[in-house]
Colleague: 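Quick one: structure below, then a few questions.
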Amino acid sequence: MINKKKKLTFSLAFVLMLSTLLSACGGGNNNANNTAAETNTKTENVAATEVPGAVDTSKEVKLKMLMIGGQPADYDKVFAELNTKLKAKINATVEVEFLDWSDYSQKYPLKFAANEDFDIAYTANWAFYNDQALKGGFMELTDDMLSKYMPLTWEAMPKVSWEQAKVDGKLFMVPNNNVEVTDKVILYREDLRKKYNLPEITNLESYGNYLKTVAKSEKGITAYGAKAADGWKWHELDQATLEQNNNWNLVDANLLPLAYDLDDTTGKIFNIYDTPEFKQLLTYYKDLADNGVWSKNVVSNKNDVWQDIKAGKVSSYAQNLGTVAANLAEMRRDKPEIELAIADITPDKKKIAAISTQNGMAIHATSKNAERSLMLIDLLQNDKEIHDLTMYGISGTNYVPQGDDKYTAGPNAAGYTGFSNWGWNSPLNRQDASYPVEADDMFNSWQSSIYHFPLETFVFNDTNVKNEVANIGNVMLRYAIPLEYGLIPDVDKGQADLIKQLKAAGIEKVQTELQTQVDAFLTTHK
Amino acid sequence: MNRHGFWSDVKKYKTLLLMLTPAVIFFLVFAYLPMAGIILAFKQYSYTGGVFGSPWNGLDNFRFFFNSGDAWRVTRNTALYNIAFIVVNNVLQIFAAILLFEAVGKWFRKLAQTAIFLPYFISWVVVGAIAYNLFNYDVGTLNVLLKGLGMTPIDVYNTPSYWPFILVVVSAWKALGYGSIMYLAAITGIDTEMYEAAEIDGANIFQRIMKITVPNLMPTVIILVLLAIGNIFRGDFGMFYNMVGNNGLLFSSTDVIDTFVFRSLTTSNEIGMSAAAGFYQSLLGFGTIIFANYAVRKYDKDRALF
């Protein structure tokens with residue numbers, strides 16, 4: 001009896017989903033000239049009228065979702081409203097478990113290792129996506145599932161985004177739908193630059209000059225701030241000065257110092273520490289360090305760099321454009337007397353677009369409610385009403401909508417922020433009306449130099465060399481970080497030591513393994 | 001009743017056994033049952049296979065640790081730090097306990113006891129932040145003081161040789177209160193008649209301490225030290241990680257097994273490799289405690305743990 005009923009429900013749901021899909025496609029085709037937003041409202045209406053019909057006969061489910069970040073103060077209010085909507089649309093409610101920023105990197109893998117009961121998890125290329133995908137923590141998503149259960153997303157998402165999210169040819173994530181550039185830019189004190197009459201910051205020399213002047217003339221202000229010992233194995237300027245500046249890309253910056261040249265179609269892998277460019281950069285860093293640009297104890301710094309900048313104790317740092325733009329807006333709001341500006345120190349180099357796995361949502365491998373979970377992600381990403389609610393909170397309280405695509409902070413903006421709801425970024429995102437115009441300009445000027453390259457979506461599988469990888473990470477922390485921050489008196493000897501230790505840790509074996517995988521990847525992706 | 005059957009023993013000691021039960025359950029759940037997890041050290045852990053279904057991979061998981069070239073260094077550091085902690089902490093704790101015991105004035109004694117107990121409740125994270133504010137080169141209290149006195153500031157965070165001292169001092173400071181209370185309790189348990197007799201015989205305070213208090217404390221000292229020795233190959237992660245962090249310059253003198261393993265494996269999340277490192281520590285710890293107990297037994301049978 002029960003089985004039969006289940007079967008019937010399922011086929012009913014299936015038929016209805018299919019019809020939703022068809023009408024969604026039809027809608028899109030008929031209104032090819034309409035804006036994306038309109039198409040979305042249309043399909044949403046269709047979904048709203050048809051999906052509940054499908055789920056009426058099915059049982060109500062409670063979904064559990066794992067997110068990274070602290071629980072927002074207004075979580076209860078926002079998600080209560082969300083759940084009312086979800087109940088009507090897909091007969092489901094959702095409950096979120098938050099893994100705080102401070103310890104998510106320890107807790108997140110444990111949730112999977114212990115096989116806890118949850119359905120959906122936020123994931124990203126920087127938050128365990130490849131790792132968990134290879135270990136079997138996520139459910140594989142097939143085209144059938146996607147087109148059936150998430151018609152809106154299936155239609156809205158560029159096909160290349162799905163491709164980018166594949167690990168070993170299999171898909172485990174619903175990536176976000178958003179263009180982002182990962183390049184690092186500089187945030188600095190424009191008022192100090194003007195005070196000392198320094199030239200515009202456009203390259204490494206002018207930036208170095210700015211930093212040294214601030215270090216020399218401004219007592220009580222640290223010219224450059226970094227949180228060097230945060231587990232990150234690079235100088236915080238390296239992405240700009242070493243990768244962007246040379247048009248190089250590290251295969252996995254979290255693990256290895258192995259990189260390739262963006263233009264090299266053969267994908268030759270090299271050790272980035274063993275290059276003349278790195279040696280030259282070390283001289284640059286050493287000069288900055290000797291001039292007191294950063295604290296001698298930068299490796300033990302425990303302060304939040306942005307808060308230090310805001311307090312006027314630090315004059316500059318490097319971050320990605322989105323973060324820096326938000327900083328700028330915040331400073332203009334809270335402390336207009338301090339003038340900040342953004343600079344790109346590698347303006348004429350190739351820009352790398354974030355691949356789709358920069359943010360995304362995945363289904364837990366053992367979830368019993370995969371269908372409903374996918375339907376939920378579909379709505380989160382592409383239902384205007386639900387997207388607005390989950391991205392910005394309650395209208396009028398947490399945010400004030402401005403037209404269709406902008407918003408301003410509401411009276412209680414702080415009540416709904418700070419967690420990884422970027423997992424469902426989409427073209428429906430609104431832009432903060434106070435978003436600095438220069439950041440927008442910079443982003444637009446980059447569009448033409450965004451560079452796509454064959455190895456963009458390559459993922460290293462370190463199963464065969466994980467012993468070596470673990471040891472290499474250790475060597476980087478121990479020898480590379482102090483060297484790059486200019487704490488080793490003899491740079492040449494420091495670099496030789498670093499290379500020697502890496503060899504002892506087995507870098508050559510890893511390099512060979514990586515090269516084999518890269519070659520295989522390039523042959524199959526020709 | 002001549003026959004002492006098992007059940008009659010149970011019946012006879014039922015109150016004592018009942019009192020023992022919580023401890024037995026605790027160790028069963030938190031120490032004995034998880035021991036099965038040791039097999040993970042010999043397995044290639046996968047989520048689908050879980051603890052028991054994952055494939056075996058022999059000694060592969062141990063390779064990372066021993067191929068690193070750092071195994072000896074971190075093992076030595078761990079043991080030496082712990083020996084230093086055990087010796088320094090116990091000596092200071094006994095000393096503090098005796099002072100507290102002999103201190104005149106109830107009010108003063110309570111105040112002193114609270115004051116030295118306080119650090120025990122400060123988390124290592126906070127201690128790490130305090131240390132940073134004391135020692136940092138540019139604005140640290142220590143260097144501001146030195147500069148004020150016209151001396152050259154010292155660069156604590158870039159000089160490995162200071163750290164063994166700093167760590168031993170901090171550890172002693174933090175553990176002093178807790179340990180001294182244990183010893184104080186032991187001293188309070190010593191028969192007061194002995195002191196009275198000694199006083200009548202004209203023994204001064206130092207003689208009383210050396211001839212009565214210290215010898216009577218020895219059993220407690222031996223038990224506590226033996227228990228501590230079992231953990232001699234486990235670095236106090238909270239302490240080392242929060243005091244030193246990822247400061248590579250200091251690793252040569254501050255790296256212990258726990259921080260080394262943590263650093264190597266947080267990015268790769270290899271459960272098998274962490275289990276292997278833990279197993280290695282357990283084996284060494286087990287060996288040491290058996291040996292230490294054997295040595296104590298040789299010296300005085302009654303004072304050994306088992």
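Residue numbers begin at 1 in each chain, while the letters A, B, ... track the order of the sequences. Just so it is clear, the structure is predicted and the values come from calculations on it, not from any experiment.
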Colleague: Could you give the distance from NZ (A/Lys466) to CG (B/Asn61), rounded to the nearest 0.5 Å?
Modeller: 5.5 Å

Colleague: For A/Lys493, I'd like to know if atom NZ has over 12 heavy atoms of other residues, nucleotides or ligands within 6.0 Å.
Modeller: no

Colleague: If the threshold is 4.0 Å, N to carboxylate O, is there a salt bridge linking B/Asp70 and A/Arg478?
Modeller: yes

Colleague: Is the count of non-hydrogen atoms from other residues, nucleotides or ligands lying under 6.0 Å from A/Lys310 atom NZ greater than 12?
Modeller: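 Yes, the 6.0 Å shell around NZ holds more than 12 heavy atoms from other groups.
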
Colleague: Please classify the contact between A/Ala365 and chain B as side chain, backbone, both or neither, with a heavy-atom cut-off of under 4.5 Å.
Modeller: neither

Colleague: Identify which part of B/Tyr132 has an atom lying under 4.5 Å from any heavy atom of chain A, answering side chain, backbone, both or neither.
Modeller: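 Answer is side chain: those atoms of B/Tyr132 sit under 4.5 Å from chain A.
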
Colleague: Which bit of B/Asn242 comes within less than 4.5 Å of chain A, counting heavy atoms only: side chain, backbone, both or neither?
Modeller: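 Only the backbone of B/Asn242 comes within 4.5 Å of chain A.
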
Colleague: Is B/Tyr178 atom OH crowded by more than 12 heavy atoms from other residues, nucleotides or ligands, each under 6.0 Å away?
Modeller: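 12 or below, so no.
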
Colleague: With a sphere of 6.0 Å drawn around CZ of B/Phe66, does it hold more than 12 non-hydrogen atoms of other residues, nucleotides or ligands?
Modeller: yes

Colleague: Is A/Glu468 close to chain B through its backbone or its side chain, or both, or neither, when contacts mean heavy atoms under 4.5 Å?
Modeller: side chain

Colleague: B/Asn158 side chain to A/Lys296 main-chain N or O, any donor-acceptor pair under 3.5 Å?
Modeller: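 Checked: pair present.
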
Colleague: Given that the side chain runs from C-beta out, which part of B/Phe260 has a heavy atom under 4.5 Å from chain A: side chain, backbone, both or neither?
Modeller: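 Contact with chain A involves both backbone and side-chain atoms of B/Phe260.
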
Colleague: Side chain, backbone, both or neither: which part of B/Asn136 has an atom under 4.5 Å from a heavy atom of chain A?
Modeller: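 Both backbone and side chain.
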
Colleague: Name all pairs fulfilling the salt bridge (charged side-chain N to carboxylate O under 4.0 Å, His left out) condition that reach into residues 271-285 of chain B, sequence neighbours left out, sorted by first residue then second.
Modeller: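 For residues 271-285 of chain B: none.
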
Colleague: For the side chain of A/Asn297 and the backbone of B/Tyr137, is there at least one donor-acceptor N/O pair under 3.5 Å apart?
Modeller: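 Answer holds: yes.
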
Colleague: Please find the pair of heavy atoms, one from A/Val299 and one from B/Gly248, that lie closest to each other, and give the distance.
Modeller: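 Nearest pair, atom of A/Val299 first, then B/Gly248: CG1-N, 4.3 Å.
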
Colleague: With a 4.5 Å heavy-atom cut-off, do B/Met273 and A/Asn467 have their side chains touching?
Modeller: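 Yes; the side chains approach each other to less than 4.5 Å.
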
Colleague: For A/Ile488, is it the side chain, the backbone, both or neither that has a heavy atom under 4.5 Å from a heavy atom of chain B?
Modeller: side chain

Colleague: At a heavy-atom distance under 4.5 Å, which candidate from A/Gly473, A/Ala505, A/Ser295, A/Ala114 has the highest pair count against chain B?
Modeller: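 Of the candidates given, the most pairs with chain B belong to A/Ser295.
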
Colleague: Give a yes or no on whether the backbone of B/Phe64 and the side-chain of A/Asn471 come within a donor-acceptor separation of less than 3.5 Å.
Modeller: yes

Colleague: Is the number of heavy atoms from other residues, nucleotides or ligands within 6.0 Å of CZ (B/Phe117) greater than 12?
Modeller: yes

